[in-house]
Enquirer: 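This is the structure, below, for whatever I ask next.
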Amino acid sequence: MEENNIVVAVFNDDSKAYQVLSESKSKSHEQYKILDAAVIQKENGKIVFKDGFSSPSEADASALKSSLIGSMIGILGGPIGILLGGSIGSMIGASKVVNRHKEGFSLIERTVAELYNGETAFVANIQENNEVAFNYFLQQYDPKFVYRKEVSMMEHEMNKAREMEQQLAQEEEERKRKERVEDIQEKAEEMKERIKSEFHRIKEKLTEK
């Protein structure tokens, strides 16, 4: 039975990920078809896109941007990927948002967790009759781990990630609004104190006269 799966393979040797990508562009197999594929790398705690293609007939990075893999890479390299990787930063309430939604981020979270700085991963959207054939192809390049998820489940995971991104943006905007209000209040208090001080100074001068 044919399935549409997202496959992630992490490699200690970055050249292996590029070899898999290169082979995938022209590879034809009766048991599977590679629709979209890319190489990603973690650099300074952030996952970045390195190379990829949308299909063997459109083997370039530009066609990949609007694909499922392109969207997934955007999430991995965005605030969700950073937060799930543990780099909470200064965003107010970010850890609470992560805890509320963390369940269900199995592929995104595992990819972020398993991919260390400097390491690369091959990510692909594949139609498969069975998992054995493509696993066999990958094992020739000695991946550190291979993880697979059905596209329908992956789309649900990504929808949750987008909802989480919206909540983060809303909470960040609320934090900035509160900071602006506090800043205005602080400046108003400073102005009030200056006026009071100036009033007392003038009053003292008038008393002296």
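None of the values given here were measured: they were computed from a predicted structure. We're numbering straight along the sequence, starting at 1. Side-chain atoms are counted along with the backbone in the values below, which use heavy atoms only and exclude waters and symmetry mates.
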Enquirer: Would you check if E131 and V146 make a side-chain contact, meaning some heavy-atom pair closer than 4.5 Å?
Expert: no
Enquirer: Supply the atom-to-atom distance I73 CD1 to T111 OG1, rounded to the nearest 0.5 angstrom.
Expert: 10.5 Å
Enquirer: Within this structure, what is the CD-CD distance for the pair Q41 and E119, rounded to the nearest 0.5 Å?
Expert: 9.5 Å
Enquirer: Can you give me the closest heavy-atom contact between A133 and Q31, atom names plus distance?
Expert: CB-CB, 3.6 Å
Enquirer: Do the side chains of L115 and F145 join up, straight or via other hydrophobic residues, at under 4.5 Å, putting them in one cluster?
Expert: yes
Enquirer: Are L107 and Y147 packed together at the side-chain level, in the sense that at least one heavy-atom pair is separated by less than 4.5 angstrom?
Expert: yes
Enquirer: At what distance, to the nearest 0.5 angstrom, does CD of E114 lie from NZ of K144?
Expert: 5.5 Å
Enquirer: Out of curiosity, E128 CD to I34 CD1, how far, rounded to the nearest 0.5 Å?
Expert: 9.0 Å
Enquirer: Are more than 12 heavy atoms, taken from residues, nucleotides or ligands other than N117, located less than 6.0 Å from that residue's CG atom?
Expert: yes
Enquirer: To the nearest 0.5 Å, what is the distance between CG on N125 and CD1 on I69?
Expert: 5.5 Å
Enquirer: Any chance NZ of K46 has more than 12 other-residue heavy atoms, nucleotides or ligands included, within less than 6.0 Å?
Expert: no
Enquirer: Distance-only, no hydrogens or angles: does the K42 side chain make a donor-acceptor pair with backbone N or O of V112 under 3.5 Å?
Expert: yes
Enquirer: Hey, does I108 have a side-chain heavy atom less than 4.5 Å from the side chain of M154?
Expert: yes
Enquirer: Got a second to check how far D14's CG is from Q19's CD, nearest 0.5 Å?
Expert: 10.0 Å
Enquirer: Sorted by first residue and then second, give each ring pair (Phe, Tyr, Trp, His ring centres under 6.0 Å) pair with at least one member in residues 108-140; sequence neighbours left out.
Expert: Y32-F134, F134-F137, F137-Y141
Enquirer: Can you give me the closest heavy-atom contact between N5 and V151, atom names plus distance?
Expert: N-CG2, 3.9 Å
Enquirer: What are the two closest non-hydrogen atoms of A17 and V39, and how far apart are they?
Expert: O-CG2, 3.5 Å
Enquirer: In the structure I gave you, are the side-chain heavy atoms of V7 and N135 within less than 4.5 Å of one another anywhere?
Expert: no
Enquirer: Taking K50 for the side chain and Y18 for the main chain, is one N or O donor matched with an acceptor at less than 3.5 Å?
Expert: no
Enquirer: Are the side chain of N129 and the backbone N or O of E30 linked by a donor-acceptor pair below 3.5 Å?
Expert: yes
